[in-house]
Amino acid sequence: MVGEGRKSLLTHLILWIVIPIILFPIIWVVSTSIRRDEAAFSTKIFSSRLTLQHYIDLIAPEKNIPVLIQELQNLVLRTPPYDKWKDEKINRLIEEDLKALQNYIKETQERYIYSKESFDKVNNFLSSKNEEIKKRTLSILLELKKFLEGKISKEKSLRNNLKENNTSLKKLKERLYEISERIKKNSIEISKIKNNYISLQENILNINKEFSYKINPQIEFLNKSLTKNSNILPASFIDIKKDNFLSKSLNILENIIKKIEKYPDLSETLNSLNNLYSNLKKQENLLLNQSREIYISIRELNSKISPSISKLEYNIKELKKEERKLALLEQENEFLEIQKEILGTEIKEEEEELKPLSKDLEISNFLKKLEEKIKDIENTKNFEDLIILCAPIEGEFRDFVSNYIMNFDRDELVSKIESSADKLRWFQEYSTFLEKFDLFTRNFNKTMEKTQVYLSDLILKKMSIKPEILDKLYNIAKTDYVNLVSPNMNIVSKKAGDLMDLLPYREIKGHLNRIDGELFRIDQIWKQKTKHYFLRWVRNSIFVAGFAAIITTIICSIAAYPFSRLRFWGRRYGIMTLLLIQMFPSAVYMIAIYSLLNLLGKFIPFLGLDTLTGLTFVYLGNIAYNMYIIKGFYDTIPDSLEESAMIDGATRFQTFYKIVIPLARPILAVVVILTFMSVFNEFIFARIILRDAKNYTYAIGLWTFSSGPYLTEWGLFTAAALLGMLPMTILFLSLQRYIVSGLTKGAVKG
């Protein structure tokens with residue numbers, strides 16, 4: 001018994017946790033659909049600002065002022081469809097619209113008067129409670145003051161200690177800054193040296209390439225010439241017998257070899273020169289003209305090698321200098337980084353020691369300002385001065401908390417100040433409420449004066465209305481109201497709703513609610529609303545889903561019968577093949593269906609794109625699955641019933657529609673419901689095929705509410721979602737007695 005009790009308690013606990021989570025989306029949708037404010041910008045699930053306007057706009061949208069003016073413009077200009085109307089009918093409608101327009105202006109003024117009366121009552125009531133409000137405010141501030149005093153250190157040397165520690169900390173930070181700047185400067189210098197280092201390396205590489213591609217081939221050529229004992233220069237030099245050119249050539253080569261021996265990268269050149277030197281030394285019996293030619297060639301070779309060697313030597317020296325500089329700077333930076341890390345640790349330690357003193361000083365400064373504010377409030381005489389003094393308090397408290405949290409951790413003090421700010425928030429809200437109501441009143445009166453002038457002109461000349469007057473009147477609704485009246489009025493309306501929850505006086509909540517309601521109604525009269533065809537969209541969806549469900553059920557009920565009763569080749573795997581084909585996602589054949597409807601539309605217009613019949617045709621593809629579940633249900637109906645009927649003379653078709661179909665009503669009802677629901681909510685194909693807004697189905701229409709030009713219209717969206725549920729709910733409830741039996745019996749046999 002104890003175990004069962006614990007199990008029951010656990011079950012109830014789980015249900016209490018799970019049910020609110022499951023129901024939360026539904027609760028949010030329902031509450032949002034009847035809110036005057038935007039649920040997306042509110043932290044509350046429920047609101048006291050309720051209205052059925054969203055449902056009215058969907059089911060029976062009224063012709064408000066902008067709509068009436070536009071209709072009058074069309075009537076006066078005789079635009080379609082009014083161009084085919086008789087004058088009598090047009091004049092009658094003009095008269096009706098003018099009367100409706102006059103009534104709307106009258107209603108607007110009356111509702112403004114009601115809101116102004118309520119506004120005055122709220123203001124007068126709060127003014128009468130001035131002393132009580134002042135006491136309550138002082139009580140909140142004095143309680144906070146007492147709390148803050150308990151948080152401040154009692155040391156007299158607080159400022160001196162803070163000053164000394166700040167001086168020490170400042171010096172450490174200055175030293176840290178100097179080190180950081182030195183590291184930065186060294187880093188820039190290191191970067192320059194590395195760039196120069198790369199440039200020198202490139203120079204050395206180019207010199208080495210010069211040796212490889214220009215000098216080495218020349219040396220090889222001389223070697224080959226000596227090997228072959230061939231003449232290099234013309235025979236005109238034979239008569240020169242003056243010097244020992246061979247020994248001079250050898251001396252030059254020795255000098256060149258000594259220079260190149262210093263550079264390992266020129267080993268190939270060194271080997272070639274050594275070979276040349278050996279070959280030349282062996283040629284003691286050279287003719288005079290040959291030795292001179294060799295001398296000249298070697299001298300030319302020397303003239304090419306010497307500058308290159310000089311460049312190479314210079315670049316290598318500079319490279320070593322840069323290496324030394326780089327090593328010194330990197331070493332210095334490593335040392336500075338260590339110092340920087342040590343200083344950073346010292347600064348952190350100093351800041352940690354300083355934090356309690358800084359916190360005390362910051363609280364002390366805040367406390368002084370609070371004391372000054374308390375004195376000012378104590379000296380106030382009237383309610384207006386009290387509002388002016390108290391309105392900034394919430395903002396000041398929030399600013400202090402923001403700065404405090406940046407420097408210190410969130411603690412009990414932050415919660416206390418935030419709590420006090422919340423209690424005094426209504427002052428700021430009420431101050432904004434007063435300011436915006438004053439602006440709204442001035443702009444509203446100016447707009448109404450202009451409107452009355454043009455409306456009087458229209459009424460006087462109702463049989464000969466000039467389009468220019470209607471244009472001016474429309475500009476008032478489109479420009480003056482939108483830019484001057486609506487912004488301030490909506491803020492007043494919102495603040496009235498907020499003050500209902502913030503003000504501690506129940507006596508004025510009714511007046512605030514009335515202000516909010518009257519201004520909301522004025523906005524509905526003057527607001528330019530988005531045109532939609534919601535009822536038509538629902539009707540389109542019912543039409544498409546209804547016909548698709550009926551046709552699909554008829555086809556599937558007939559097609560499933562042979563698979564259940566008849567024996568033929570392919571019976572066993574035929575329906576499985578159809579099911580397998582249907583497993584592919586619809587996105588795969590989306591383009592093919594679009595192309596098919598585009599082609600059909602050329603020959604059979606009612607089956608083309610942007611037609612409801614064409615869309616219905618597309619939705620007839622969910623055949624295999626429905627055939628399968630109907631066939632399963634047919635299998636549960638005894639064959640003996642049909643055999644008995646056939647013995648009595650009935651045909652196979654008669655047994656089908658007189659015996660099988662009546663018995664299969666549960667599964668047929670299930671197929672109708674499932675098909676209707678899937679088609680009614682389908683979005684992708686409808687979005688691709690339909691173009692004209694009048695032909696939209698419910699799913700696409702709902703999407704338009706969730707993707708407005710500036711923001712999502714959550715009120716209309718949720719109201720439309722709830723209204724769109726009705727057709728499916730009605731169908732489901734009307735056929736629910738068939739659903740359970742249809743699904744269970746259809747699953748018995750396969």
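Atom set for the values below is all heavy atoms of this structure, side chains included, hydrogens, waters and symmetry mates excluded.
- Shown here for T32 and T718, the closest heavy-atom pair between the two residues is C-OG1, 3.6 Å.
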Go through it in stages, so that I can follow the logic: the residues are R78 and D87, the test is salt bridge (charged side-chain N to carboxylate O under 4.0 Å, His left out), and I'd like the CA-CA distance, side-chain angles, deciding distance and then a yes or no.
CA-CA 10 Å; R78 303 295 177 95; D87 291 343; 2.9 Å; yes

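- Pairs engaging residues 672-691 under the side chain to side chain donor-acceptor pair (under 3.5 Å) rule: Y619-E682 [sequence neighbours left out].
- Aromatic ring orientation, F444 versus F440: tilted (interplanar angle from 30° to 60°).
- To the nearest 0.5 Å, the span separating CG on L473 from CG on L72 amounts to 8.5 Å.
- Side-chain contact annotation: D480 with T447, donor-acceptor N/O pair under 3.5 Å absent.
- Ring-centre distance between H532 and F705: below the 6.0 Å cut-off.
- Shown here for K694 and N540, the closest heavy-atom pair between the two residues is O-ND2, 3.0 Å.
- Y82 has its side chain within reach of L93: a pair of non-hydrogen atoms, C-beta onward, lies under 4.5 Å apart.
- Counting all heavy atoms, side chain and backbone alike, P66 lies closest to I525 at CD-O, 3.7 Å.
- Comment: E107 engages R111 in a salt bridge, judged by a side-chain N to carboxylate O separation of less than 4.0 angstrom.
- At most 12 heavy atoms of other shown residues, nucleotides or ligands fall within 6.0 angstrom of atom CE in M677.
- Contact record, F676 with I542: CE1-O, 4.1 Å, taken as the closest heavy-atom pair.
- The nearest pair of heavy atoms linking A664 to F633 is CA-CE2, 3.4 Å.
- Of all heavy-atom pairs between T616 and A548, the closest is CG2-N, 3.9 Å.
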Run D57 and Q53 through side chain to side chain donor-acceptor pair (under 3.5 Å) and show every step you take.
CA-CA 6 Å; D57 287 343; Q53 187 63 46; 2.9 Å; yes

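- Contact check for D523 versus L519: no side-chain heavy atoms found under the 4.5 Å cut-off.
- Looking at heavy atoms from C-beta onward, I661 lies in side-chain contact with L668 at the 4.5 angstrom threshold.
- With respect to the salt-bridge test (charged N to carboxylate O, under 4.0 angstrom), the residues E518 and R514 qualify.
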Apply ring-ring contact (aromatic ring centres under 6.0 Å, His included) to the pair F685 and Y594, showing each step before the final yes or no.
CA-CA 9 Å; F685 280 110; Y594 182 88; over 10 Å; no

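- You'll find the ring centres of W714 and W28 inside the 6.0 Å limit.
- In this structure, Y430 OH and F437 CZ are separated by 10.5 Å, a value rounded to the nearest 0.5 Å.
- Counting only heavy atoms from C-beta outward, the side chains of E62 and I56 never approach each other to under 4.5 Å.
- The distance from the CG atom of L609 to the CD1 atom of I593 is 11.5 Å, given to the nearest 0.5 Å.
- Taking 4.5 Å as the limit, some side-chain heavy atom of I65 sits within range of a side-chain heavy atom of I105.
- Residues K86 and I90 fail the side-chain proximity criterion, which asks for heavy atoms closer than 4.5 Å.
- Using a 4.5 Å heavy-atom threshold, the side chains of L77 and P467 count as touching.
- Atom OH in Y698 sits 8.0 Å away from atom CE in M725 (nearest 0.5 Å).
- Side chains of T479 and N475: a donor-acceptor N/O pair is absent below 3.5 angstrom, by distance only.
- Centroid-to-centroid, the aromatic rings of Y481 and W526 come within less than 6.0 Å.
- Here the CG atom belonging to L458 is positioned 11.0 Å from the CG atom belonging to D97, to the nearest 0.5 angstrom.
- Counting heavy atoms from C-beta on, the side chains of F617 and L596 come closer than 4.5 Å.
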Using the rule given for side chain to side chain contact (heavy atoms under 4.5 Å, CB included), can you reason through T108 versus T451, listing the C-alpha separation, both sets of side-chain angles and the distance that settles it, and then say yes or no?
CA-CA 11 Å; T108 301; T451 305; over 6 Å; no

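- A donor-acceptor contact under 3.5 angstrom links the side chains of Y474 and Q70, judged on distance only.
- Atom CD of E429 is separated from atom CD of E394 by 7.0 Å, given to the nearest 0.5 angstrom.
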